[in-house]
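One structure is given below, encoded as structure tokens.
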6 protein chains.
Amino acid sequence: MNYKKVDLSFQSCDAEYKDSQVVLFSAPLDTTTSYRPGTRFAGNAIRVESVGIEWYSVYKDMDLKDYKTSDIGDLDIPMGDVKTSLDIIYETAKSIIKDNKKVMMVGGEHLVTYPVVKAYHEKYKDLKIIHLDAHTDLRDEFLGMKLSHATVIKRCYDLVGDNNIYQFGIRSGDKHEFEFANAGHTYMEKFTIDTLEKIIDEIKDFPVYITIDLDVLDPSVFPGTGTPEPGGISYKELLHATKLFEKLNNIVGADIVELAPKIDPTEVSTAVAAKTLREMILLLHQ
Amino acid sequence: MNYKKVDLSFQSCDAEYKDSQVVLFSAPLDTTTSYRPGTRFAGNAIRVESVGIEWYSVYKDMDLKDYKTSDIGDLDIPMGDVKTSLDIIYETAKSIIKDNKKVMMVGGEHLVTYPVVKAYHEKYKDLKIIHLDAHTDLRDEFLGMKLSHATVIKRCYDLVGDNNIYQFGIRSGDKHEFEFANAGHTYMEKFTIDTLEKIIDEIKDFPVYITIDLDVLDPSVFPGTGTPEPGGISYKELLHATKLFEKLNNIVGADIVELAPKIDPTEVSTAVAAKTLREMILLLHQ
Amino acid sequence: MNYKKVDLSFQSCDAEYKDSQVVLFSAPLDTTTSYRPGTRFAGNAIRVESVGIEWYSVYKDMDLKDYKTSDIGDLDIPMGDVKTSLDIIYETAKSIIKDNKKVMMVGGEHLVTYPVVKAYHEKYKDLKIIHLDAHTDLRDEFLGMKLSHATVIKRCYDLVGDNNIYQFGIRSGDKHEFEFANAGHTYMEKFTIDTLEKIIDEIKDFPVYITIDLDVLDPSVFPGTGTPEPGGISYKELLHATKLFEKLNNIVGADIVELAPKIDPTEVSTAVAAKTLREMILLLHQ
Amino acid sequence: MNYKKVDLSFQSCDAEYKDSQVVLFSAPLDTTTSYRPGTRFAGNAIRVESVGIEWYSVYKDMDLKDYKTSDIGDLDIPMGDVKTSLDIIYETAKSIIKDNKKVMMVGGEHLVTYPVVKAYHEKYKDLKIIHLDAHTDLRDEFLGMKLSHATVIKRCYDLVGDNNIYQFGIRSGDKHEFEFANAGHTYMEKFTIDTLEKIIDEIKDFPVYITIDLDVLDPSVFPGTGTPEPGGISYKELLHATKLFEKLNNIVGADIVELAPKIDPTEVSTAVAAKTLREMILLLHQ
Amino acid sequence: MNYKKVDLSFQSCDAEYKDSQVVLFSAPLDTTTSYRPGTRFAGNAIRVESVGIEWYSVYKDMDLKDYKTSDIGDLDIPMGDVKTSLDIIYETAKSIIKDNKKVMMVGGEHLVTYPVVKAYHEKYKDLKIIHLDAHTDLRDEFLGMKLSHATVIKRCYDLVGDNNIYQFGIRSGDKHEFEFANAGHTYMEKFTIDTLEKIIDEIKDFPVYITIDLDVLDPSVFPGTGTPEPGGISYKELLHATKLFEKLNNIVGADIVELAPKIDPTEVSTAVAAKTLREMILLLHQ
Amino acid sequence: MNYKKVDLSFQSCDAEYKDSQVVLFSAPLDTTTSYRPGTRFAGNAIRVESVGIEWYSVYKDMDLKDYKTSDIGDLDIPMGDVKTSLDIIYETAKSIIKDNKKVMMVGGEHLVTYPVVKAYHEKYKDLKIIHLDAHTDLRDEFLGMKLSHATVIKRCYDLVGDNNIYQFGIRSGDKHEFEFANAGHTYMEKFTIDTLEKIIDEIKDFPVYITIDLDVLDPSVFPGTGTPEPGGISYKELLHATKLFEKLNNIVGADIVELAPKIDPTEVSTAVAAKTLREMILLLHQ
């Protein structure tokens, strides 16, 4: 007899790397988190939780089992060393992109988006970024640091420049961050995502990277995150967004970030993240 | 002096069996639960919690104290023995029906609905079932078993046949379950309950059994359940449903299932279940 | 070298008393709570949590740092001695009013509102009260006591009389409490806050005290309270109310009550309270 | 058919009052608690938990089913009104004593011991009190109140006087409280219970009331209490104490107090209390 | 580039099956659990937790990395179908034994021990069983079932007969279970494990299977289990047992059972189980 | 009237800096934590909790109110920037030492000990360090970093050299760390603290710094820490250590580290830390 080793890949994402179109990895970085840390545990929490979810999405009428996705697990990054951690994420994304596969990343804190965007921007100079979040993340530095969860979209802006970042659901930040957006450097819809459809129509032929900070959701449905901001969107609205994304003709990669599973005693936040991840993986396969 | 023994009947439901029109019992079965078990504790959790709720419902302008309801507690069923457990539930329901009283059951997992429906169907051959749930529960078998929380509505279908089951709020299941519904065997409204009023108008003169899997609610308001499905209805929508039910001329019995009170650290899910139960008991008295 | 003592004032509310326009204090009374106690811990929980919130409100486009607010901490009241506790709250409010500052109180149970209203009513004989709550709080006595969290609005009514109390979001109480309101003694909107704007237009030139029992919110967003009532308003609706309040020309003081931070394992309720407090402080400074 | 009403008596303690030798009641008072309240929920939490415990005690080789114990439930006392609450407890104890039954009380806060001791002292003028606790409870007043959880043993002392109170496991209090004990008014063993056997030998022919504040246990085994004091005794030591108590020839009544079941996420504290209660009931039947 | 699929084998137990001397699997059965279920989640919880533990044991001065252990994950068993589940466990154990490897099983409820003992007993007719537990598990049937967590050691007894089962730490059960042991059918040390060394000396040349119900530990150190029994052994005592086991010359297999990781908010119970598992794996490699 | 600003100094430690002999600060660094982060919240959690503890220690027969201690709060350090954070801690300690006051630090992760030891070692070249911990913390680097919670004692060793570090209670680490200690570079007692008294006798006339990683305690009494290690010392043993420390003639400073208050749902760990802190402050005043 032979037995296979334990396989805790995310639900039905158990293809070998070489056979896959989409590569799932998690980036357990939460070093610069300013309030409640713990997003480092998100990847494996979602994997274990995914045993309990359906592989079929009635929203997309698609089935995870019909697509080749590889889950390569948590990247091996050194806690407390931000620079090395970001380098490892960058190299991994770079390598996946080179192999003509799409990146689906699970954070970690939002800062992990930066090295992936950097890797994509090297390939797609006209990259557009759709950003769902409660927070602007547009500080130029935070607590004296240039690389922080609170500066990540500003760092992406430094790469892609004006008119390429589209922010939705924003409801918290410093005054000057809102002024930066208001000055036209990014497109920003405060509080809601009502203009998402219009924006998608405008940019649908560009290469697009989607970054979802799950704290865009109201804390009622997603309490398990470091800095909950009441007044967010509902899960039905987020689902609606994932449907609208189908109109984009060239989604190059995506991430969901900021699940902190130890702040989630009912595990509902983890369920929300797992089901959002299922929708996003299916989206990348469309 | 004489003192009465402790009475932990559900709020104001302390009539003797013989004097009551509605009989409340709880069925502590959670044997076939595939993800997080624990619904066996629901009945007594609701009883103890009910000390803290009002007996008056401003929604119905009715008062539990004005009606005779008997609470006969948890049925005594053997953990791990599904068949015997279902037999006990069936015999209890049968007996209550024979005594011309109405059954108000608290689950337990959803499978407990089957023996009660079976008992009612023996009396009412034209029985209609209204089913609120996140899940289709239409599998023909699950993990090799015919009797499971995931097959319960299919088993009820085996009894009542086509055009007698009305499903609302459904958002999770296998593809073939949705195909079964789409083929016309059951009426199914996905995601929402917008057509409930129309359906109630159609079936209002039939005998109707109502089964509410509380996970039809969004996990934001009802996290305390085994398989939470984000994207559900709000509590106000569920309240609205309980108002619409008033138009039904012959509600024969009802249940609420799938509260798992140990996955409920704030006890809000238990409060939701207790208040829903108050509304349902008052409904059965109308 | 010199070091300053630890300062855990609520976010940016670190002015000295004499320099402030608004004075924040917390009243750690939860003696008459009939179900789950614990609101006594609210003040300090909010203070510590406030380290993690922004001082800028994008809703009001105002910044806590631009205004002088003094946080004088928990009042020193004796647990279990209701009368003395209320006297201490009354004397504090009286003194702050005399110094021409505004009271911003954090409960504690709702009963703490009574002594503050009493102090304000002595100055403003035409005082109006806006009351957001899940519960009527209109009992004349509760468990034999005249002073209770369940009687507090009735006690305020005894002071201000007919046509001066405006209740919103109410969805729980005894039948006779609703009858009392229906008889015209108070204005009451059940379940929702849709008529708040109209009422504000009517009373905008009167002195107004605002008391917000945070359980007016749905338990999905605010589980951390003693008697959660599903079917409440959303946080966006509460934010909308705080925007409407800007039309009032003479808000004399305000409170938020009934946060029980130990029933809040994700700390989301505390975050909700802290952010509501930020909005209310800014409101008092307008 | 007839069905009996739900019976949630403590495990196997379902005798009618008139037939019982021991009467169990719970006193849900936690009004004067100075730190974390919540002991009001202890009685019913223990009842529901007791479904899961054995009726046989291998420690005593006795079986709850072999003895007649009546559980009359939570006394109906008004939250926030200390005096009335204590009167009700006193009258209940008085009445049970008059009926020649023994009181087994579950707190509530420790103050509930006072009215029971008062009732017993009226019958037994030479009453001795064995007191296990982390705290001295010997203040003469606390926060200005004579009747408080922190003064309860002092109040008992006012009744029974010098040389009648025996305290064990004490490790927290004000300096003057220890001085009071050191002056010989009470017998006090600090930290441990090593001299319990010796004391029992001395007083074994007196009428003895035993009051166990469960926080005498180390918080590792009993975290679910308002003011945990590390450095307490182990559960095995408490069991040993309950064995030593068998040498007392006239135990007239007993209580266990200060379980706060909502501070007990693993429910281990509730299990500890339930099993201690089983041992104490059996002890009263010896 | 190539990336390996996610590997969540228990710490350093990532050998292929064919190369291993010890095979680790988990058996997610908790169907017959009579009180709090949830042991089905133990295996994966331990795997994820094991990221945070040392591979070196200072107790054994051995290192997991120096030995070949294969972790084949959760067995795929159908929730609610006890018989099929036990068959699958039996076949797996049988197959591993045939391949001359040792079984290291993680429960699940204690019933999972029975099929493994059955498989071993077919090979070793003189098999001895060392059993650490709070509970006797010697009922002949429980709730009408012969196969139950409460009957498992009786079922093993039916296989191995008198004088082959050695029970330690026992402190809960029905009276007749203790009488069965007292009649000499099993060796039983109540409460403690003081005679373990003596017994080990007696049976050290026999084939021995070790089954550790982790609730033998005091709930202070291991709260995360369905039926906690205060008065258990300390972790240092359990470590001492694992040292004593080194004297056994022929340990054929072992299990640890009854971790319920969702009743473990601090995750300490899971850490205890993971570290015990490390010691037991190293023991099997000696 | 004038009101003082809120003062949340640790219990009775409200002296001004200039008047104090002992200065308490907290260092909210948890950047290099490799498993569960969250020690950054320890300082303020202890402050708020300390409202509920006695100022009198019966163990020391001393009273916090009789001594001048200043609590200067959380140091203002940038999350994610280890080097700057350590510099700030170093400068603060240096300055306090220069002012002839003693440092009492609350971590944070254990790495915070290093800058304080560095500051003390600059003054006391013959400094001895007593180190209570579950972990060796003797790695030379960890995850590629020289400055880490896992290397902190090795970094201190780099300063003070052979024969100056005394480790107790150690039970986890890599093999080579134990070999480093065994080679005589540090004194190490594994598992227990039995030789502490002997060591104290030897070094009692040297300047001594005491660092207590609270995970030296068994997780049963102190679950609220990032990497719990079962098999630790009891709280009574830790208390005994604090008594033995009284024999040291020149304790120059001390710290307690690694409380993670969000992993502490019963708040018992925070109570343990607060009471240990009370003992340590009193010790520094002797």
Side-chain angles (χ1 to χ4, degrees), chain C residues 1-11 13-20 23-26 28 38 40-52 68-76 79 88 91-101 103 106 261-267 270, chain F residues 1-11 13-20 23-26 28 38 40-52 68-76 79 88 91-101 103 106 261-267 270:
Chain C
M1 190 68 188
N2 199 358
Y3 288 99
K4 279 193 290 190
K5 288 171 57 178
V6 55
D7 186 347
L8 284 168
S9 300
F10 181 76
Q11 177 64 267
C13 294
D14 54 359
E16 295 293 330
Y17 177 78
K18 66 180 167 45
D19 302 326
S20 62
V23 180
L24 171 65
F25 66 82
S26 39
R40 67 182 70 177
F41 300 107
N44 289 339
I46 289 174
R47 286 179 182 94
V48 170
E49 171 84 15
S50 76
V51 172
K68 295 282 189 192
T69 311
S70 179
D71 178 358
I72 64 171
D74 261 0
L75 301 191
D76 191 14
M79 283 308 139
I88 291 168
E91 292 299 338
T92 305
K94 193 82 186 168
S95 177
I96 293 168
I97 294 166
K98 195 175 155 199
D99 291 340
N100 282 311
K101 301 169 193 303
V103 168
V106 174
K262 311 251 185 221
I263 316 174
D264 188 31
T266 63
E267 298 177 78
T270 307
Chain F
M1 189 68 188
N2 200 359
Y3 287 100
K4 279 193 289 188
K5 288 171 57 179
V6 55
D7 186 347
L8 285 169
S9 302
F10 182 77
Q11 177 65 268
C13 294
D14 53 358
E16 296 293 330
Y17 176 80
K18 66 181 167 45
D19 302 326
S20 62
V23 179
L24 171 64
F25 67 83
S26 39
R40 67 182 69 178
F41 301 108
N44 290 339
I46 289 174
R47 286 180 183 95
V48 170
E49 172 83 15
S50 76
V51 172
K68 295 281 189 192
T69 311
S70 179
D71 178 358
I72 64 171
D74 262 359
L75 300 191
D76 190 14
M79 284 306 140
I88 291 168
E91 293 299 338
T92 306
K94 193 81 185 168
S95 177
I96 294 168
I97 295 166
K98 195 175 155 202
D99 291 339
N100 283 312
K101 300 170 193 303
V103 168
V106 174
K262 310 250 184 222
I263 317 174
D264 188 32
T266 63
E267 299 178 76
T270 306

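Note on naming: letters A, B, ... go to the chains in the order of the sequence lines (proteins, then strands), and numbering restarts at 1 for each one. Note that the structure is a prediction, hence the values are computed from the model and not measured.
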Inset, instruction - Verify the neighbour count for atom CG of C:D19: are there more than 12 heavy atoms of other residues, nucleotides or ligands below 6.0 Å? - result: yes

Inset, instruction - Using a cut-off of 6.0 Å, state whether more than 12 heavy atoms not belonging to F:K68 lie near its atom NZ. - result: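 No.
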
Proximal component of [X], with respect to chain C [non-hydrogen, under 4.5 Å]:
{"X": "F:K4", "answer": "backbone"}
{"X": "F:D71", "answer": "both"}
{"X": "F:T92", "answer": "both"}
{"X": "F:A15", "answer": "backbone"}
{"X": "F:K98", "answer": "neither"}

Inset, instruction - Flag the pair F:I96 / C:Y3 as yes when at least one side-chain heavy-atom distance between them is below 4.5 Å, and no otherwise. - result: yes

Inset, instruction - Could you check which of C:P265, C:S95, C:S70, C:C13 has the highest count of heavy-atom pairs closer than 4.5 Å to chain F? - result: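 Going by pairs under 4.5 Å, I would pick C:S95.
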
Legend entry - Largest heavy-atom contact set with chain F, pairs under 4.5 Å, which of C:V48, C:V6, C:D74: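 Result: the option with the highest number of such pairs is C:V6.
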
Inset, instruction - Tell me, for C:D14 versus chain F, whether the close heavy atoms (under 4.5 Å) come from the side chain, the backbone, both or neither. - result: both

Legend entry - Reported CG-to-CD1 distance for the pair C:N2 and F:I72, which is rounded to 0.5 angstrom: 9.5 Å

Inset, instruction - Hey, could you give me the NZ/OG1 distance between C:K262 and F:T266, rounded to the nearest 0.5 Å? - result: 10.5 Å

